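Below is one structure, written out as structure tokens; the observations come after it.
Keep in mind that this is a model prediction, so the values were computed, not measured. So that the names make sense, note that chain A is the first sequence line, chain B the second, and so on, each numbered from 1.
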2 protein chains.
Amino acid sequence: MAKVEFNITCSLCDHLKDSLFNGLGPEDLSRINNNKTCVQYKKGQNIFYEGTRPTGLYCMNAGKVKVFKNNVQGKEFIIYIAKPGDFLGYRALLSEEFYQATATVLEDAKICFIPKENFFEVLQKNPTFMKRVVKAVCHEMGTMEEKLAELAHKSVRERLAANLLMLKETYGMEGEGSSLIDLALSREDLASIVGTATETVIRLLSEFKSDGLIAFEGKKIRVIDAKKLAKQADLIVA
Amino acid sequence: MAKVEFNITCSLCDHLKDSLFNGLGPEDLSRINNNKTCVQYKKGQNIFYEGTRPTGLYCMNAGKVKVFKNNVQGKEFIIYIAKPGDFLGYRALLSEEFYQATATVLEDAKICFIPKENFFEVLQKNPTFMKRVVKAVCHEMGTMEEKLAELAHKSVRERLAANLLMLKETYGMEGEGSSLIDLALSREDLASIVGTATETVIRLLSEFKSDGLIAFEGKKIRVIDAKKLAKQADLIVA
DNA sequence: AATAAAAGATGATTTTTGTCAGGTTTCATC
DNA sequence: GATGAAACCTGACAAAAATCATCTTTTATT
């Protein structure tokens, strides 16, 4: 599959407002813009690989990308799912380490690549931007701490419920009293998010479905009763 | 218990070399030094509480502190253990959020407090320092990603072995062919690190002991056979 | 030193979850 | 629209780990 390039101007990007680049002065933004390369990726293509060295920053313009680690037996654990406006691969770039995870396209994506020189240049010249990045990184760390504690002490049922709610928050399209998670996730991917076996996810999902908490809509999941789902997540055993 | 203050000069601090303050110019360092308050804490005392707002940065001079989250049933999960030279509470400070975890003294500690104004002042005036902090934060994030994947897909036995090795790396005092983990951890605390029940830790530890992988020395654990322990950790089931 | 409290240990039991094996359905491709 | 592959589903079973109960040892406190 050949790389399909495209172009887009940062200042006109639909997702600038959701991105950390938002608020950058015209000079800084054009420095980013003039040095970036934009590529279209198909579902299943890889953006970067665990164990390789980062050479720049990826910024999502369209689609969804999963960032995951493989364990010895080849089981995946999905660390996060990137959506338009998100940065990709900044952790390894900023810690000056190799990538510790692999990024694979879940839904056809358009992603811009900013060479590290240009990113670091803007970062160093612009303390406000630097501060914003630090704040975002530390916030992200907080959600990871949350996940750690959850993984340590919650049951699979609770974690699945909690993750469905989290996905709803991030990818939910609100309907009348319900919300569609706009993300074509396989059961296997969902299992890799929750940290469990695919079969277990399947069983629990159909339980949630028969209890009227969720519904299936093609490849997507609709959250029908967020309150009951929250009860399942919170270990408020009643 | 009354607060016991003490004083120490940053530039003369034994742990400056291990700290992120290392490399700071004399002017910046004295700004930190002149505004800090140093307090001695006894085992069991709390440094900060989940849900409260950070007002500055803690910097460890002596002792050990655990940073943990409590779940609904009161089960602890220990996110990390801070040692001399480490910063404490910087995540919530930099993300401008409430503390998401509680910090409690494990071994009598001396901890300096730097008001956030002064810390931010130095951070903003000194891009090199800022860069060093970002790098450290992102590195820390990497270890958390590692932990997440481990928690998701490894067995308790593997996680316990992996954590013992990690503790050895950080707190190990090297002896002849063995290494003492210089940390007075209760079985309960160890369980909170691994993310399991206390009884399970007790059982596995005594297995490791009878297999000659570790030995007990008072409240501390000596790693006798790191290689075999690594085999237990890696899921190289052979 | 006596006592209480906390930490550590062990056994029995139950629950949860992973694994394996066998199905069906869905989807993409020729 | 046939074919193969991938995804999805279900049941049976085994393994891992949590829970509960009880007991011993260690540590702290009066």
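Looking at A:D108 and A:K43, no side-chain N of the basic residue comes within less than 4.0 Å of a carboxylate O on the acidic one, giving no salt bridge. At a threshold of 4.0 Å, the pair A:E97-A:R53 does not count as salt-bridged, since none of the basic side-chain nitrogens sits closer than that to a carboxylate oxygen.
The phosphate of D:dA18 has OP1 or OP2 within less than 4.0 Å of a side-chain N or O from B:T200. B:R203 has no side-chain polar atom (N or O) that falls below the 4.0 Å cut-off from OP1 or OP2 of C:dT10. Regarding contacts with the backbone of D:dA16, every side-chain N or O of B:S155 stays at 4.0 angstrom or more from both OP1 and OP2. Taking 4.0 angstrom as the limit, B:K154 places none of its side-chain polar atoms (N or O) nearer than this to OP1 or OP2 of D:dA17. Using a 4.0 Å cut-off, some side-chain N or O of B:K219 falls inside it from OP1 or OP2 of C:dG8.
Remark: A:K36 fails to qualify as a cation-pi partner of A:F113 under the 6.0 Å distance and 45° angle criteria applied to the six-membered ring.
For A:V156, the listed nucleotide lying nearest its side chain is C:dT17; candidates were D:dC8, D:dA17, C:dT17. Residue B:E199 places its side chain closer to D:dT19 than to any other of C:dT19, C:dG8, D:dT19. Side-chain atoms of B:F216 lie closest to C:dA9 of the nucleotides C:dA9, D:dA12, D:dC20.
With rounding to whole Å, B:E207 atom CD is found 14 Å from C:dA9 atom P. Atom CD of B:E217 and atom P of D:dT26 are 16 Å apart (whole Å). Straight-line distance from the NE2 atom of B:H153 to the C1' atom of C:dT19: 14 Å, rounded to whole Å. In this structure, the CZ atom of A:R157 is 12 Å from the C1' atom of C:dT15, given to the nearest Å. Distance A:K209 NZ to D:dC8 P: 13 Å, rounded to the nearest Å. At whole-Å resolution of the value, NZ in A:K42 and C1' in C:dA28 are 14 Å apart. Distance A:F208 CZ to D:dC8 P: 17 Å, rounded to the nearest Å. The CZ-P distance, from A:R187 to C:dT26, rounds to 12 Å in whole Å.
Ring pair A:F48/A:Y99: centre-to-centre distance below 6.0 Å.
Mapping A:I202 and A:A152 onto DNA chain D via the closest heavy atom, the residue that lands nearer the 5' end is A:I202. Comparing B:L205 and A:R159, the nucleotide of DNA chain C nearest to each residue sits closer to the 5' end for B:L205. Mapping B:S186 and A:L204 onto DNA chain C by nearest heavy atom places B:S186 at the nucleotide closer to the 5' end.
If you check every strand for non-hydrogen atoms under 4.0 Å, B:T196 touches sugar and phosphate atoms only.
For the residue pair A:A82 and A:L88, the shortest heavy atom distance occurs at CB-CD1, 3.4 Å.
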